Amino acid sequence: MIRETRPYERRVALVPELVPKLLGAGLEVVVEPEAGEQAHHADEEYVAAGATVSADAVSAADVVVSVQPLPAETVRRLRPGVLTVSFLPTAAELDLVRTMADARVTSLAMELVPRISRAQSMDALSSQALVAGYRAALVAAERLPRFFPLLMTAAGTVPPARVLVLGAGVAGLQAIATARRLGAVVHAYDVRAAAAEEIRSLGARFVELDLPSLEGAGGYAREMDEERARMQRELLADHVAGSDVVITTAAVPGRPAPLLVTRQALERMRPGSVVVDVAAESGGNVEGSRPGEEVSVGDVLLVGGRNVPSDMPGHASRLYAANVTALLLLMTVDGQVLPDFDDEIVAGACVTHDGEIRHGLTRDLMGEVG
Ligand code: NAD
């Protein structure tokens, strides 16, 4: 397992607690020095769990696990046939994918693990979205200069904060649950009709807009056309204006994040209100949001998320490590990791193998790029 080197990455792909599971399957675990430091796991903890700490961890490995994709120079040093397991957003990493294919590395992308029930324990998109949603609600509560809960005090009654969550997938639902636990009154909207019931089951109110739902394949949303997007923004503007906090998590797989909240709508919010845009890195749901930055729009604070799960590296790493471990154990036979490409989980997650780009969409994108 490598020490992550990309900026703003504090997570680690394997935590000491899960090392015995891999050892129990007959694997050896070798960890780069200080790999877990930013997630608060010292080298000694890995050693106590049965791993070895070595600066040569990567060059000697048959399997390399990481959170972020490996640097290209590391890939070039791998032996042909080595397996890598990491997040690998292929559309943004076409050069790296080409390098992996040329190095004859077998690469599996955690975001491509099919979301079927057998693969739930390997679903890193969900585990990290859960962290992001929780975190977004806490950031909002911390930045808001007002209480979240209803308080009845001798000095008078404080009304609860009104929180609006836009996008109620895994991250949005966790933001709703967290804001509710803190005592806020929560409203939420999603383009998928199925989200309404989930929103209500968490004690939040579903915002009904007079618009058709946009259910796409695999339980995901479909992209809106520009006319529907404009109408949605207009219809949501009053709900935004009436909220103390807006948390946005809307995404469409493979597309930039949809713009849901305009600057005009922000300017109508009460002074001191807070907006947290979890989707800031993928284009942003809120006009003007910038990843990793806090921007003032009049007297409204707009917080742009940047690698939000990494802000809680302890549990984000623990959950991610469980996903990676489950995937490794699926492929382990008699102490050897042997990917079975007839298994839809392995085949679905595979980006490169044996010098080829196996992932169809990535191959198409490569063709388009030239
Ligand atoms: P995601 O990160 O792709 O998107 C987040 C949310 O944004 C989604 O709920 C989407 O409908 C919503 N959205 C998109 N465009 C929007 C718009 N214009 N306005 C408002 N909301 C918009 O989604 P996700 O969190 O990864 O999960 C999406 C779905 O997949 C959910 O139904 C979830 O329950 C399901 N899921 C299934 C499994 C499984 O079966 N194993 C695992 C995880 C998630």
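The chain is numbered in sequence order, starting from 1. Atoms within each ligand, like the ligands themselves, are counted from 1 in listed order. Nothing here was measured: the structure is a model prediction, and the numbers come from that model.
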Test your reading of the structure: does [X] have an N or O sitting under 3.5 Å from an N or O of ligand 1?
| X | value |
| --- | --- |
| P258 | no |
| Q232 | yes |
| R192 | yes |

For residues 345-354, pull every pair meeting side-chain hydrogen bond (donor to acceptor under 3.5 Å, both in side chains), keeping only residues two or more places apart or in separate chains. R104-D354, T106-H353, S107-T352

Tell me which part of [X] gets within contact of ligand 1: side chain, backbone, both or neither, using heavy atoms under 4.0 Å.
| X | value |
| --- | --- |
| Q120 | side chain |
| L214 | neither |
| A168 | backbone |
| S126 | side chain |
| T249 | backbone |

Judged by modelled atom types alone, do [X] and [Y] share a side-chain donor-acceptor pair under 3.5 Å?
| X | Y | result |
| --- | --- | --- |
| E4 | Q68 | no |
| Y220 | R192 | no |
| S273 | D244 | no |
| N307 | R6 | no |
| Q264 | R268 | no |

Heavy-atom gap [X] to ligand 1 smaller than 4.0 Å:
| X | result |
| --- | --- |
| D190 | yes |
| G172 | no |
| D123 | yes |

Residue and atom name of the nearest protein heavy atom (relative to [atom]), distance in Å to one decimal:
| atom | result |
| --- | --- |
| atom 29 (C) of ligand 1 | G219 O, 3.2 Å |
| atom 17 (C) of ligand 1 | V191 CG1, 3.4 Å |
| atom 27 (O) of ligand 1 | R115 NH1, 3.8 Å |

Is any NZ, NE, NH1 or NH2 atom of the basic residue among [X] and [Y] found under 4.0 Å from an Asp or Glu carboxylate oxygen of the other?
| X | Y | result |
| --- | --- | --- |
| E226 | R233 | yes |
| R263 | E287 | no |
| E73 | R77 | no |
| R200 | E208 | yes |

Lys NZ or Arg CZ of R180 over F148 ring: under 6.0 Å, within 45°: no

Quick check on atom 35 (C) of ligand 1 - does any protein heavy atom sit closer than 4.0 Å to it? no

My understanding is that we take every heavy atom of each candidate and find the minimum distance to atom 1 (P) of ligand 1. Doing that for G167, A250, A251, which one comes out nearest? A251

Which of the atoms in ligand 1, numbered in the order shown and given with their element, are less than 4.0 Å from a heavy-atom of V170? 25 (O), 44 (C)

In ligand 1, the atoms that come under 4.0 Å of a heavy atom of M224 are 18 (N)

